[in-house]
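Structure first, commentary second.
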Amino acid sequence: MEEGENSGVTFDGSYKKMIYQEDFSEDDHTLYSYQEKQQVSMLMVRPGSRLNHHKLLTVSLAVLAVVLLAVDVGLGVYYNKLTDGQVITDISIEVAKLKASYNTIIQSRDEAKKQLARELGEQQLTKWEIMDDQIHIEISALKSHIPMLKEGCRYCLPGWTFMNSACYYFTLSDDILRRSWNDAREFCKIRGSDLAVIDSREKHLAITSLTNGYNDPQNTGPRGFWIGLRDTEEEGTWKWLDGTRLTEGYWNDGEPNNVGNEDCVATFLRSNPFKAWNDAPCSYHLKWICQRPPRSAN
């Protein structure tokens, strides 16, 4: 009976096992397989293996600590170099250079301001000088007009202007044709005069004021007047018709230049009276100014 019972149990257990295996799904089989593997793995991990794993972890942490210590030491050395070494020295040198450049720029700016102030001052002086000259011109013109109005009829012929103790004839009318220097002088001689001798600053300003006052803007011809000055005897030695040498001239910029054998002088209508003269060929046709002594008041 015992054998039969044992045999039955065995058969029945085998049968149940077969039934169970057939009824298992694929998911259940996988779950049980994973559990069996996990149990086998747990059985395979021995206490000695766990001890080695902890030792490896301890060694890794120690190595990491050593690396961190080395990095910390390196950063400390670099910081010391940054604060006490060549880097600070280089920065100090660059800062000093920048300060020197800044000071140089400030100094240049101050010098430029001073130069500008000097130039403005000189320009102001030049402006005042021009105004002063203009005032002198106006005064000379007024002085010349006063005796001309009072005494002109007594000392000069009709059509002549009395100023600076002399009588002057200006060919202002366009009806009078322009002439060469020699022809203009001949015109004056026929009338008991000669080309004007302008041997003083006062005479020059008075004559310039009068000619500019009669200037016609519509006149497109040459705007010059022959005067009694030439260098025909010796080139560059300018003499008046009375034989005296020129002491003070009122030449335009670059004049006299003797371009084309220019031996005679004419005064031109210009805004600056002190740049009125040009040398010109004596054959050039211009207007002219005659001068003669005043006649007796009686």
Side-chain angles (χ1 to χ4, degrees), residues 137 140 144 156-157 159-216 219-295:
I137 293 172
S140 298
S144 65
C156 301
L157 298 171
W160 291 68
T161 302
F162 181 73
M163 60 183 183
N164 298 311
S165 301
C167 295
Y168 295 90
Y169 182 83
F170 297 88
T171 55
L172 299 172
S173 175
D174 288 334
D175 295 334
I176 301 176
L177 298 178
R178 292 172 176 82
R179 302 186 181 188
S180 65
W181 189 90
N182 290 321
D183 290 343
R185 188 183 186 192
E186 187 64 25
F187 176 95
C188 295
K189 284 184 175 183
I190 293 174
R191 289 158 178 79
S193 62
D194 209 335
L195 290 174
V197 175
I198 309 174
D199 55 0
S200 71
R201 182 186 182 96
E202 186 177 4
K203 286 182 181 180
H204 173 71
L205 291 177
I207 290 174
T208 302
S209 175
L210 191 58
T211 54
N212 286 347
Y214 284 99
N215 179 33
D216 184 1
N219 183 9
T220 58
R223 304 171 66 189
F225 295 81
W226 289 122
I227 59 177
L229 184 64
R230 58 182 178 176
D231 68 344
T232 54
E233 295 180 3
E234 181 181 354
E235 183 62 37
T237 301
W238 299 96
K239 290 184 179 182
W240 297 106
L241 292 178
D242 59 6
T244 59
R245 296 185 62 173
L246 176 67
T247 57
E248 183 179 8
Y250 308 100
W251 303 101
N252 192 16
D253 295 335
E255 300 291 339
N257 53 22
N258 195 38
V259 176
N261 193 25
E262 299 176 333
D263 294 328
C264 296
V265 178
T267 180
F268 286 80
L269 305 179
R270 293 194 175 95
S271 58
N272 188 344
F274 300 104
K275 295 183 179 182
W277 291 2
N278 277 51
D279 60 342
C282 298
S283 59
Y284 200 51
H285 284 203
L286 294 173
K287 293 186 177 184
W288 62 93
I289 303 172
C290 297
Q291 176 183 342
R292 60 169 292 169
R295 66 185 180 179

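Throughout, numbering of the chain's residues begins at 1 and tracks the sequence. These numbers were taken from a predicted model, which means no experiment stands behind them.
- The shortest heavy-atom contact between Arg185 and Arg230 is NH1-NH2, 3.8 Å.
- Smallest separation of non-hydrogen atoms from Ala166 and Gln291: CB-NE2, 4.1 Å.
- Between the side chain of Arg270 and the backbone N or O of Ala276 there is at least one donor-acceptor pair closer than 3.5 Å.
- Distance check: Asp253 CG to Glu255 CD gives 9.0 Å after rounding to the nearest 0.5 Å.
- With Leu195 as the fixed residue, the side chain to side chain contact (heavy atoms under 4.5 Å, CB included) test singles out one of Leu241, Ile227, Ile289: Leu241.
- From His285, atom NE2 reaches atom CG of Leu177 across 9.5 Å, with rounding to the nearest 0.5 Å.
- Relative orientation of the Phe170 and Phe225 rings is perpendicular, given thresholds of 30° and 60° on the angle between their planes.
- The two residues Cys290 and Phe187 make their nearest non-hydrogen contact at SG-CD2, 4.0 Å.
- Using a distance-only test at 3.5 Å, with no hydrogens or angles considered, no donor-acceptor pair links the side chain of Asp263 to the main chain of Thr232.
- Side-chain atoms of Asn278 do not come within 3.5 Å of backbone N or O of Ala266 as any donor-acceptor pair.
- Between Asp242 and Thr244, the side chains place a donor N or O and an acceptor N or O closer than 3.5 Å (distance only, hydrogens not considered).
- Among all heavy-atom pairs drawn from Cys282 and Trp226, the shortest one is O-CZ2, 4.0 Å.
- Annotation: Trp277 is not in aromatic contact with Trp238 [ring centroid separation under 6.0 Å not met].
- In this structure, CD on Glu262 lies 5.0 Å from CG on Asn257, to the nearest 0.5 angstrom.
- A side-chain donor-acceptor contact under 3.5 Å links His204 to the backbone of Pro273.
- For the residue pair Ile198 and Trp240, the shortest heavy atom distance occurs at O-CZ2, 3.0 Å.
- The minimum heavy-atom distance between Trp251 and Pro256, with the atom names listed, is CD2-CD, 3.6 Å.
- Side-chain atoms of Thr171 come within 3.5 Å of backbone N or O of Trp288 as a donor-acceptor pair.
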